[in-house]
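Structure record follows, encoded as structure tokens.
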Amino acid sequence: MDDSQLVIACKKQDRNAQKVLYERYAPMMMAVCLRYSGEEETARDLLHDGFIRVFTQIGSFSGKGSFEGWLRRIFVNLALENYRKEKQKYRFMEEYSYINADELETPADDALDIENIPREEVLDMIRNLPPGYRTVFNMYIFEEMSHKEIAEVLGINEAASRSQFFRAKNMLRKKISAILHNDKRQVQ
Amino acid sequence: MSDNDIRKEFQSKLSGFEAPLPPDGWESVERSLRTTAAARRSIRRRWYAGSVAAVLILLVGSILFFQNPMESVETMVSETASTSPFTGSIIDPEIEMASESISGPVVRPVEAGRLLAARSSGKTKTGKQPLVRSSSPEGMLAAWMKREKLQGEDVEKKMDATMLQPVVKPGEKKANQKGEASYEEETITVRGSEEILLAEAGTAERGQGTLLLAVNGRGGLTGYQQTVNTPMTLRSTSATPENKYMMSEANKDLQIQSTNVANNVSEMEHDQPVSFGITVSKYLLDDLSIETGLVYSYLHSKTRNINNNFKVEEVQNLHYLGIPLNVNYNIFSLKRLNVYASVGGMIEKDLYGEFRKEKEGQVTANFNTSSEGTEEKEITKISQRNPQISVNAGVGLSYPIYDRLRVYGKVGGAYYFDAKNQYKTIYSDRKIVMDINVGLRYEF
């Protein structure tokens, strides 16, 4: 059963088709949820709520674009809603400060070389970023949004989005460097 | 390394990546889907049921009200005529005295077909049949069926009225003689038909067919005020084509003003509408009544357009007369205070209207005239082309102040449909008007 047939059956609330759709896309969507949430429990909740939303709103899918893209947007939107709800908690922990001058100094080796790092570890690195950095990083890198768009969606200013992305990159760079360094030691 | 390179690298790394699922993932989703579907079905069912009930209530109410509006009056007259000779023989004077010593409408004229028990108070029941509360759904149904049955038998019973000998059972007489402050249902047997009827105390107070006459006043809770830079007029742009020509003529001043919008200040104000009315209600069931009548409303509006050269003021007074049609339902009673809900609609038409316009100011040099001040006054009689239709809903309280006279107050709101009339009113500009309605209601 291809996606279009699956969607038609799901629009008729066919429970078997819904199950097939879940089994086909849930692992991929779980990865999206994990990328946006630090805790696995939150990711599970997002996955659950996301599929409920998918099955209740599937009637609005016109069938013109990619179904996977539509599905993914639902999960990303849900993750962003969750972030906005939780934002108050994070407000004092991070990150709405602007970048200090010394932070702006780009390290000599500014590459983010993740080629030799397993996917699970890359995902963990992103998940371990502070919530604000993580959200901006995900939106900029994976959803390909501009800082202006990110600022609008998150209700922050553009400069704050840039600074958080910048800090996210720096944190990742340090983590990558530490992983690669450990790997070299282990090889030696 | 540019941001784009980072983007590509991360995207390619995690593209198509699949994470392990929670063990009961699908089961949990399925459970929630079932619950959601059930909740949706329930909401949909309630919505359908509510809609059907509302339509039925309005339909049945309208049919009953309009089918034979004079029937109840005629019946009452004939009831009095046919039953007055019996009153003395049916009710023992002692019983009557005992009954009358209790407040409220105690003894009603008893007819052969419709036997009303004397009202008493307390909780003792002497009737042999189980008590069915008229305020409960079963009671309402029973009352409805009883009424229908009685109506069918009215004619026959009246014919035989002189032959029937109602008897009050000795036990009841004794109870009443003792003057116990007891709530009673009396069983009255009509010899010949052996029919036993029960009437619950309190239902006689507000029986089906009871008429209520009310006088009321209504005032809007909010007015309407708007201040803008562009010129405004009370003449609507949604008027019919022939009015548009008139509008363009009439609003020439405003067009002149609009050439200098930056200096222009325009205010429009609709006062809260004030209404007075007289209505009549009829109980269809114990707690459900339908109400109609005549309602007068006064609407006052004004605009003021001021700029460096001109000052134009418009004042508009409209007097409307409307016919409301409402269904009132008594939700519950707290001792003597009744709480009720009301839904309905009203159609209104203006009887008289006046439009006053005052212009004063200087014409600018652009028009090659002197800069002397001018002043003009214009008063015209106006009328709206289309009737105004509205729907309303509200919650009210009523409380007895003397005998069967009750004071009542209702807070609610009305939605006014666009009547596409030439002159703007609070109805056309605000659409939803919250109001408070107070009045006096007399029960016949």
Side-chain angles (χ1 to χ4, degrees), chain A residues 13 15 18-35 40-41 43-45 47-56 68 106 109-123 125-127 137-138 140-144 147 162 165-166 168-169 172-173, chain B residues 1-56 226-230 261 343 391 393 415 417-418 431-432:
Chain A
Q13 304 301 321
R15 200 46 54 83
Q18 288 174 338
K19 191 179 179 188
V20 172
L21 191 141
Y22 178 87
E23 284 165 353
R24 188 176 293 175
Y25 286 105
M28 234 184 287
M29 294 306 127
M30 184 67 183
V32 173
C33 295
L34 283 170
R35 244 194 311 112
E40 196 161 339
E41 191 61 35
R44 286 179 183 183
D45 289 346
L47 185 78
H48 173 271
D49 295 351
F51 270 102
I52 300 296
R53 195 177 282 189
V54 166
F55 293 132
T56 50
E68 191 187 322
T106 312
D109 178 18
D110 72 336
L112 286 173
D113 186 8
I114 52 171
E115 201 182 333
N116 298 318
I117 301 175
R119 291 163 130 193
E120 289 78 5
E121 274 193 60
V122 172
L123 183 67
M125 281 193 301
I126 298 170
R127 287 178 58 201
F137 185 83
N138 270 313
Y140 189 84
I141 296 292
F142 295 98
E143 316 319 327
E144 300 187 5
H147 286 297
R162 282 181 198 284
F165 178 68
F166 187 83
K169 272 195 305 186
L172 287 173
R173 191 172 289 119
Chain B
M1 194 178 194
S2 74
D3 287 349
N4 265 343
D5 295 333
I6 296 171
R7 188 177 273 166
K8 277 177 196 164
E9 198 152 344
F10 273 88
Q11 280 186 356
S12 65
K13 190 76 185 177
L14 292 181
S15 165
F17 179 66
E18 296 186 347
L21 295 176
D24 63 338
W26 168 247
E27 285 74 21
S28 149
V29 170
E30 196 181 16
R31 267 197 304 275
S32 298
L33 283 173
R34 263 195 228 117
T35 318
T36 313
R40 274 184 175 185
R41 273 197 299 274
S42 164
I43 290 168
R44 211 178 301 144
R45 257 187 239 131
R46 277 184 210 171
W47 179 248
Y48 288 151
S51 308
V52 169
V55 169
L56 276 176
Q226 191 185 9
T227 305
V228 293
N229 281 337
T230 50
V261 164
V343 288
V391 286
Y415 176 81
F417 294 99
D418 186 7
K431 300 278 186 205
I432 294 174

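Just so it is clear: chains get the letters A, B, ... in the order the sequence lines come, proteins before strands, and each one is counted from 1. Since the model is a prediction, treat every value here as computed from it, not as a measurement.
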Heavy-atom cut-off 4.5 Å, strictly under: side chain, backbone, both or neither for [X] against chain B?
| X | value |
| --- | --- |
| A:I114 | both |
| A:R15 | both |
| A:Y25 | neither |
| A:E144 | both |
| A:Q13 | neither |

Closest non-hydrogen atom pair between A:A31 and B:F17, with its separation: CB-O, 3.3 Å
Which heavy-atom pair separates A:L34 from B:A19 by the least distance, and what is that distance? CD1-CB, 3.6 Å
Begin with the C-alpha distance, continue with both residues' side-chain angles, and end with the deciding distance and a verdict on side chain to side chain contact (heavy atoms under 4.5 Å, CB included) for A:L47 and A:Y22. CA-CA 10 Å; A:L47 185 78; A:Y22 178 87; 3.8 Å; yes
Considering only NZ, NE, NH1 and NH2 on the basic side and carboxylate oxygens on the acidic side, decide whether B:K13 and B:E9 come within less than 4.0 Å. no
Just jot down the salt bridge (Lys or Arg N to Asp or Glu O under 4.0 Å) partners of B:R31, sequence neighbours excluded, or say none. none
Ranking B:T36, B:N4, B:V29 by heavy-atom pairs under 4.5 Å to chain A gives rank one to B:V29
Can you tell which part of B:S28 gets under 4.5 Å to a heavy atom of chain A, answering side chain, backbone, both or neither? both
Closest-packed option against chain B by number of heavy-atom pairs under 4.5 Å, given A:L123, A:I141, A:I52: A:I141
Pairs of heavy atoms under 4.5 Å with chain B: top-ranked of A:F51, A:F55, A:Y140: A:Y140
A:K19 atom NZ, over 12 foreign heavy atoms within 6.0 Å: no
How about CD on A:E115, more than 12 heavy atoms from neighbouring residues, nucleotides or ligands closer than 6.0 Å, or not? no
